[in-house]
Amino acid sequence: MRTAAVSAISAKLLMSPGAEVLAILGTGKQALSHYNVFTEIFSFKEVRVWSQTKERVERFVRSVEGPVRGCSSAEEAVRGADVIVTVTRSTEPVLYGQWVKAGAHVAAVGACRPDWRELDDMLMKSAVVYADSREGALSESGDVILSGAEVFAELGDVINGTKSAQREKTTVFKSLGMGVEDAVSAKLVFDQWTAKATKS
Ligand SMILES: NC(=O)C1=CN([C@@H]2O[C@H](COP(=O)(O)OP(=O)(O)OC[C@H]3O[C@@H](n4cnc5c(N)ncnc54)[C@H](OP(=O)(O)O)[C@@H]3O)[C@@H](O)[C@H]2O)C=CC1
Ligand SMILES: O=C(O)C1=NCCCC1
């Protein structure tokens, strides 16, 4: 859930204000938590889901409520989408720049190793790239390292106002996960548990 929460913050900061269509590539654990968080926080008119296994797409669509549609290709899912979440275990690009609408926001969550990819060079080089941690992205993200794309800012820079949120441009948030996210999540759980325990 904490990973999806961070992606939702990236979308809140970087997606275009009138965003209506969300596409999710992948149908595993991260896909479900992203679906749940994104549909809870935002009001997308349509959510499109694709994965490499047709049966898993169908199962995902049956397992959730809301305006969801299964797609038979990644291209079908992402063409025209305002926000795209990539949550696959792929080691090769599954999302290509030529399919991505200008001004779309991409939360790139998979490909967390230096030689793994989810996004192609065209997308990485044409987008404004944000990361949770610049240091992490430059040492762990194949999409950043192998494309040679510049990391424009960390998400924290946008939150504290030292770097701009370039919503009008195509943006990529490269997520890798950080220990501080686990610490904050653990504190939230602990605080809620303590509050409940004190009441009873
Ligand atoms: N950035 C972060 O903080 C975090 C990142 N991650 C990363 O997110 C990704 C997804 O994790 P999780 O949801 O737990 O994984 P799951 O194993 O639950 O799901 C993986 C998904 O990837 C798809 N997939 C696997 N191989 C390929 C491929 N070659 N091409 C296209 N799709 C493929 C699977 O499709 P199918 O089922 O049809 O085979 C499935 O939909 C992983 O890369 C993981 O390392 C995870 C946690 C935190
Ligand atoms: O932050 C995490 O948790 C993970 N990040 C990338 C790889 C899978 C787990």
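FYI, side chains are in, hydrogens and waters are out, and symmetry mates aren't considered; it's all heavy atoms of this structure. Model, not experiment: these values are computed from the prediction. Each ligand, and each atom within it, is numbered from 1 in the order the structure gives. Positions are given from 1, in the same order as the sequence printed here.
Which parts of ligand 1 touch Thr53 is read off a 4.0 Å heavy-atom cut-off, strictly below it: atoms 36 (P), 38 (O), 39 (O). Of all atoms in ligand 1, listed by their number and element, those nearer than 4.0 Å to a heavy atom of Gly26 are 41 (O). Of all atoms in ligand 1, numbered sequentially from 1 with element shown, those under 4.0 Å from a heavy atom of Leu176 are 1 (N), 2 (C), 3 (O). Applying the 4.0 Å criterion to heavy atoms of Gly177 picks out, from ligand 2, the atoms 1 (O). In summary, the atoms of ligand 1 found under 4.0 Å from a heavy atom of Arg56, numbered by their order in the structure, are 36 (P), 37 (O), 38 (O), 39 (O). For ligand 1 and Val94, the ligand atoms under 4.0 Å from any heavy atom of the residue are 30 (N), 31 (C). Residue Gly177 has at least one heavy-atom neighbour below 4.0 Å for each of these atoms of ligand 1: 1 (N), 2 (C), 3 (O). Close contacts of ligand 1 with Ser175, meaning ligand atoms under 4.0 Å from a residue heavy atom, involve 1 (N), 2 (C), 3 (O). For ligand 1, the atoms lying closer than 4.0 Å to a non-hydrogen atom of Cys112 are 1 (N), 5 (C).
From the protein, the heavy atom lying nearest to atom 35 (O) of ligand 1 is Ser51 OG, 3.1 Å. With respect to atom 47 (C) of ligand 1, the closest heavy atom belonging to the protein is Gln30 NE2, 3.4 Å. Closest protein heavy atom to atom 4 (C) of ligand 2: Leu176 O, 4.0 Å. With hydrogens left out, the protein atom closest to atom 41 (O) of ligand 1 is Thr27 N, 2.8 Å, a heavy atom. Of the protein's heavy atoms, Gly28 CA, 3.4 Å lies nearest to atom 19 (O) of ligand 1. Nearest non-hydrogen protein atom to atom 48 (C) of ligand 1 is Thr3 OG1, 3.4 Å. Distance from atom 26 (N) of ligand 1 to its nearest protein heavy atom, with residue and atom name: Gln52 NE2, 3.4 Å.
For Glu76 and Arg69, the salt-bridge test passes: some basic side-chain N is under 4.0 Å from an acidic carboxylate O. A salt bridge links Glu181 with Arg2: at least one charged nitrogen is closer than 4.0 Å to a carboxylate oxygen. Look at Glu58 and Lys54 and you find a salt bridge, because one of the NZ, NE, NH1 or NH2 atoms lies within 4.0 Å of a carboxylate O, short of that distance. Ion pair Arg48/Glu46 flagged as a salt bridge, since at least one NZ, NE, NH1 or NH2 atom sits closer than 4.0 Å to an Asp/Glu carboxylate oxygen.
Between Val109 and ligand 1, a contact under 3.5 Å exists for at least one N or O pair. Annotation: Thr91 places no N or O atom under 3.5 Å from an N or O atom of ligand 1; distance criterion only. In terms of polar-atom proximity, defined here as any N/O pair under 3.5 Å, Arg89 does make such a contact with ligand 1. In terms of N/O distances under 3.5 Å, ligand 1 is approached by Lys29.
Ligand 1 lies less than 4.0 angstrom from a heavy atom belonging to Arg2.
By the 4.5 Å heavy-atom criterion applied to side chains, Thr27 and Arg59 are not counted as neighbours. By the 4.5 Å heavy-atom criterion applied to side chains, Ile24 and Thr86 are not counted as neighbours. Side-chain contact between Leu95 and Val100: present, with at least one pair of heavy atoms (C-beta onward) separated by less than 4.5 Å. Ser7 has its side chain within reach of Phe38: a pair of non-hydrogen atoms, C-beta onward, lies under 4.5 Å apart. Contact check for Glu154 versus Tyr130: no side-chain heavy atoms found under the 4.5 Å cut-off. Contact annotation: the side chain of Ser133 never approaches that of Leu176 to less than 4.5 Å [non-hydrogen atoms, C-beta and beyond].
Distances from atom 6 (C) of ligand 2 to the protein include at least one heavy-atom value under 4.0 Å. Protein heavy atoms come within 4.0 Å of atom 2 (C) of ligand 2.
Within a 6.0 Å radius of CD in Glu92, other residues, nucleotides and ligands contribute 12 heavy atoms or fewer.
Residue contacts with ligand 2 for Asp182 are absent, since no atom lies close enough (heavy atoms, distance under 4.0 Å). Residue Arg2 touches ligand 2 through its side chain alone, judged by heavy-atom distances below 4.0 Å.
Under 3.5 Å, the side chains of Ser16 and His105 contain no donor-acceptor pair of N or O atoms. A donor atom on one side chain and an acceptor atom on the other are not found under 3.5 Å apart for Glu118 and Ser90. Looking at Thr162 and Asn160, their side chains do bring a donor and an acceptor atom within 3.5 Å of each other.
Residue Val78 is tested with Trp50, Tyr96, Trp99 for a side chain to side chain contact (heavy atoms under 4.5 Å, CB included); the sole match is Trp99.
For atom 42 (C) of ligand 1, the choice among Thr88, Val87, Val57 with the nearest heavy atom turns out to be Thr88.
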